[in-house]
Amino acid sequence: MTRPKNLRPLNLKLKEGSSTVPDENTLSNSTISSPCITPTSFTSLEPADTEVDVTGEKFYDIENSPLPSPSPNTSTSSKKKKLTGTTKKRCPCGKSDLNSTYITCSLCKQNWHNRCCNCYDLDQATIRKMGRWECPACYVCPSLGKLPASIYAEIHSMKDTLSALTMRDSTSSSCMLQEISQLKEAVKQTNGTGLSEKIETLQQQINELMTSPHGHSSVKEISSAMKAALESATTVLPESVASIQASLNSLNEQMSSLQSSLKQQNPHCHTPISMKPNTVSPHTTVTETPCKPYESYETHVVSQELKTELLEFIQGVSSEFVSADLDSDNSRELLYFGDYSYRYPGKELPAKKPPQILMKLLDTVDPKTDENRTLQANSCLVTRYSSGGSHIPMHRDDEAVIDPESHILTVSLGASRTMTFTNNDESQVETLCLEDCSLLVTSRFAQDFWKHGILPEHEDMPSERISFTFRHIAPQFINSTILLGDSNTAKVSFGTGQGTLGAWVPGKRVKVGHIEALPDAKDIGPYRNIVIHTGINSLTSRHQQRSDAFLIHTLEKKCIDYMRVYPRSKIHLSMLLPTRMRHLNDRVDGFNRAIIDMSYKHKNIRIIDNSIFGRNLSDAHGRWNVQDQRPLVSDCFHLGRNGIRIFAMNIKGAVIGKGVSQSRARFNSSHGSYRAAFGRARHQSAPVSVR
């Protein structure tokens with residue numbers, strides 16, 4: 001006889017005076033979902049009016065666990081006991097639902113109907129496999145609170161600690177206030193009695209007694225002992241008045257210090273709280289300006305001889321200048337030299353070989369720059385401002401073809417003009433006067449945080465200004481990449497030649513062993529692609545064990561910061577690679593699914609699909625022992641030569657735009673299961689968009 005499927009709870013009521021055990025046909029027609037039943041003697045079964053407290057954790061197996069024999073010494077009251085071995089709480093709804101199954105919270109041990117806690121799809125078999133479940137009253141949603149997952153379990157203890165501290169502060173504050181009030185009353189009483197006036201009056205009376213004539217009728221003769229006492233009193237009284245006044249002053253100082261310390265400990269104890277409406281939007285972000293608008297500025301960099309040669313060269317090619325704005329009469333004029341064409345806003349300037357005079361100027365200003373700076377300028381934009389009305393609006397030199405690690409040099413000749421710098425939110429404004437024969441050095445990194453321009457001045461200014469701007473540009477910089485990865489990315493090399501990503505994927509690698517070690521946005525740079533491959537060390541860390549929810553929350557927060565600072569950059573999240581440990585691969589699969597789910601909520605996040613490596617790290621993709629010519633099974637995490645080649649191809653394909661879509665990555669992570677891929681995509685909070 002097989003175990004019946006779709007077991008449901010059955011509420012049974014025992015008739016008194018019955019002693020017959022039901023046969024197998026009666027039990028097989030009923031669906032029983034209760035712990036091991038130990039009934040007393042009964043003859044028949046019928047539905048009861050009250051609900052029997054049963055759960056889906058244990059079930060009665062008819063085939064393997066037959067009913068025990070009835071006990072003849074059982075009283076009538078014991079027959080009405082519940083069938084379960086332990087008494088459990090009912091669902092908070094307080095109702096009986098025969099079509100639901102109980103789920104027990106792992107924190108508060110409260111039983112819930114699966115319908116009441118919105119778990120319709122959980123059957124009894126799934127409930128038995130659940131290792132930990134938190135009820136709606138205990139669960140803390142990560143996306144609502146935006147709290148790290150590491151402190152979810154400490155929230156209740158923190159509340160108790162805060163309440164205890166509040167009670168302690170209130171008690172100490174009340175005691176200190178009472179002491180202060182008592183001191184104030186004592187001081188008022190002391191000041192109100194007019195002690196100093198009374199002492200002065202008494203002293204005057206003593207002096208009158210001492211100077212009064214002996215023959216006066218109203219005053220008796222004073223003895224020698226009394227005179228000595230009065231003389232001592234006249235000498236002591238002024239000192240005692242001074243000591244009393246000093247003690248009063250020290251008491252006032254103690255009271256003021258006590259009040260200030262009390263306000264520091266509990267600032268809301270005395271002053272009333274002024275409630276003002278919150279007019280700040282929760283979506284408002286603080287604009288960061290991590291750098292200065294320019295790095296250096298020097299005057300008298302160009303000699304007079306070189307200046308004369310440059311002016312003669314400009315006069316010779318004067319007819320080759322083109323206007324930057326055809327609609328304006330006071331527009332500046334441009335002349336471009338470089339190895340590659342340069343697309344200016346609204347205009348594309350063709351490539352032209354630079355003359356020797358410009359190379360001479362570049363060699364002259366190169367030693368003026370920092371020693372640690374690598375200057376590889378291959379283009380020069382010559383701009384001529386004919387009068388004070390010629391200007392250039394506020395702009396950024398943030399074209400994609402400019403090297404993200406390069407610097408921009410500007411040499412000025414002729415009339416002095418003022419350059420204005422403003423940050424992104426225009427909260428900071430700086431000005432700089434560009435004099436004749438001066439050099440201004442700015443970085444490509446500062447262009448994402450500062451705008452610059454030369455505003456129009458007096459149009460009747462007769463002298464003109466000529467600027468020479470040197471940049472390092474190349475078309476492959478549109479794929480500039482920074483790789484933030486763990487030890488598996490150590491063999492991924494940038495550059496040209498065999499074993500590299502090639503000339504069309506320039507960039508650099510930054511070692512990031514853990515998700516929490518991801519650098520800040522200001523430490524990355526204006527790269528067009530940000531590739532992140534880290535997380536396996538965070539999953540296997542023994543010193544700081546973090547939950548998957550905390551790691552995903554930290555990773556998402558970093559990605560949001562990158563997108564906020566560099567909105568034109570693309571973020572590529574590389575899925576974790578499989579290992580040789582199967583128990584760890586289950587967690588890796590779950591973490592990869594969470595990464596894919598997170599990518600659907602943000603526009604600039606892409607997925608690097610590594611599902612080609614399968615569920616487990618195979619010998620073909622892992623490391624090899626060269627001496628023994630066999631797989632190095634002791635290394636469970638790192639890729640071999642073949643695996644690194646495939647991994648580098650996945651990164652390169654994602655950067656140049658040949659990666660798989662998110663929907664395809666979701667299907668590949670499901671290992672060919674259409675139902676699993678569709679099920680995860682159906683429960684997304686954000687709309688699914690295939691890119």
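Please read these numbers as outputs of a predicted model, since none were measured by experiment.
Between P354 and C380, every side-chain heavy-atom pair lies at or beyond the 4.5 Å cut-off. A 4.5 Å side-chain heavy-atom check between H572 and N529 finds at least one atom pair inside the cut-off. Between Y294 and V441, every side-chain heavy-atom pair lies at or beyond the 4.5 Å cut-off.
Side chains of R384 and S318: a donor-acceptor N/O pair is present below 3.5 angstrom, by distance only. Side chains of R582 and N585: a donor-acceptor N/O pair is absent below 3.5 angstrom, by distance only. Between the side chains of S541 and R546, no donor N or O sits under 3.5 Å from an acceptor N or O.
Rounding to the nearest 0.5 angstrom, the gap separating the CD1 atom in I530 from the CE atom in M563 is 9.5 Å. Rounding to the nearest 0.5 angstrom, the gap separating the NZ atom in K522 from the CZ atom in F445 is 8.5 Å. Note that OG1 of T418 and CG of L434 are 7.5 Å apart. Values are rounded to the nearest 0.5 Å. Taking CG of L335 as the start and NZ of K352 as the end, the distance is 5.0 Å to the nearest 0.5 Å. Distance check: T289 OG1 to F421 CZ gives 14.0 Å after rounding to the nearest 0.5 Å. S443 OG to E295 CD: the interatomic distance, rounded to the nearest 0.5 Å, is 4.5 Å.
Under the 3.5 Å distance criterion, the side-chain polar atoms of D397 are left unmatched by any main-chain donor or acceptor of Q447. The main-chain N or O of G414 is found under 3.5 Å from a side-chain atom of D436 such that the two form a donor-acceptor pair. Between the side chain of K451 and the backbone N or O of M394 there is no donor-acceptor pair closer than 3.5 Å. A distance-only check finds no donor-acceptor pair linking the side chain of R606 to the backbone of S599 [under 3.5 Å]. A donor-acceptor contact shorter than 3.5 Å links the side chain of H395 to the backbone of H452. The closest donor-acceptor contact from the side chain of K558 to the backbone of L518 lies under 3.5 Å. Without hydrogens or angle criteria, N610 side chain to M575 main chain gives a donor-acceptor distance under 3.5 Å. Between the side chain of T383 and the main chain of S467, no donor-acceptor pair closer than 3.5 Å is present. Between the side chain of N650 and the backbone N or O of I608, no donor-acceptor pair lies under 3.5 Å. S379 contributes no side-chain N or O that, together with a main-chain N or O of G338, makes up a donor-acceptor pair within less than 3.5 Å.
Salt-bridge annotation for D403 and R444: absent, with no side-chain N of the basic residue lying under 4.0 Å from a carboxylate O of the acidic one. Using a 4.0 Å cut-off between charged side-chain N and carboxylate O, R615 and D586 make no salt bridge.
A tilted orientation is assigned to the rings of F337 and F313, their planes being inclined by 30° to 60°. The aromatic rings of H621 and F613 lie perpendicular to each other, with more than 60° between the two planes, well past the 30° mark.
Between T481 and N479 the shortest heavy-atom distance is OG1-O, 2.8 Å. Here the shortest heavy-atom pairing between T540 and F637 reads CG2-CE2, 4.2 Å. Between S538 and I515, the shortest heavy-atom distance links the atoms OG-N, 3.1 Å. Contact between M598 and H602 at its shortest, heavy atoms only, is O-CD2, 3.5 Å. Smallest separation of non-hydrogen atoms from C291 and F449: SG-CD1, 4.0 Å. Scanning all heavy atoms of the two residues, the minimum distance from R623 to L639 falls at CG-O, 3.4 Å.
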Requested in this report: Apply side-chain contact (heavy atoms from CB on, under 4.5 Å) to H391 and L455, showing your working.
Outcome: CA-CA 5 Å; H391 65 283; L455 303 181; 5.7 Å; no

Requested in this report: Under the side-chain contact (heavy atoms from CB on, under 4.5 Å) rule, what do I532 and Y562 come out as? Steps first, then yes or no, please.
Outcome: CA-CA 11 Å; I532 301 176; Y562 297 161; 4.0 Å; yes

Requested in this report: Check the pair N604, Y566 against side-chain contact (heavy atoms from CB on, under 4.5 Å), reporting the backbone distance first and the verdict last.
Outcome: CA-CA 10 Å; N604 287 347; Y566 309 108; over 6 Å; no

Requested in this report: List the steps and the verdict of side-chain contact (heavy atoms from CB on, under 4.5 Å) for Q544 and E516.
Outcome: CA-CA 11 Å; Q544 294 182 352; E516 297 175 274; 3.9 Å; yes

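Heavy-atom contacts from other residues, nucleotides or ligands closer than 6.0 Å to CD1 of I478 number more than 12.
When each of L617, N488, I536 is checked for a side chain to side chain contact (heavy atoms under 4.5 Å, CB included) with L577, only N488 meets the rule. D398 pairs with exactly one of R528, R568, R471 by the salt bridge (Lys or Arg N to Asp or Glu O under 4.0 Å) rule, that one being R568.
Note: F647 and H533 meet the aromatic proximity criterion, with ring centroids under 6.0 Å apart.
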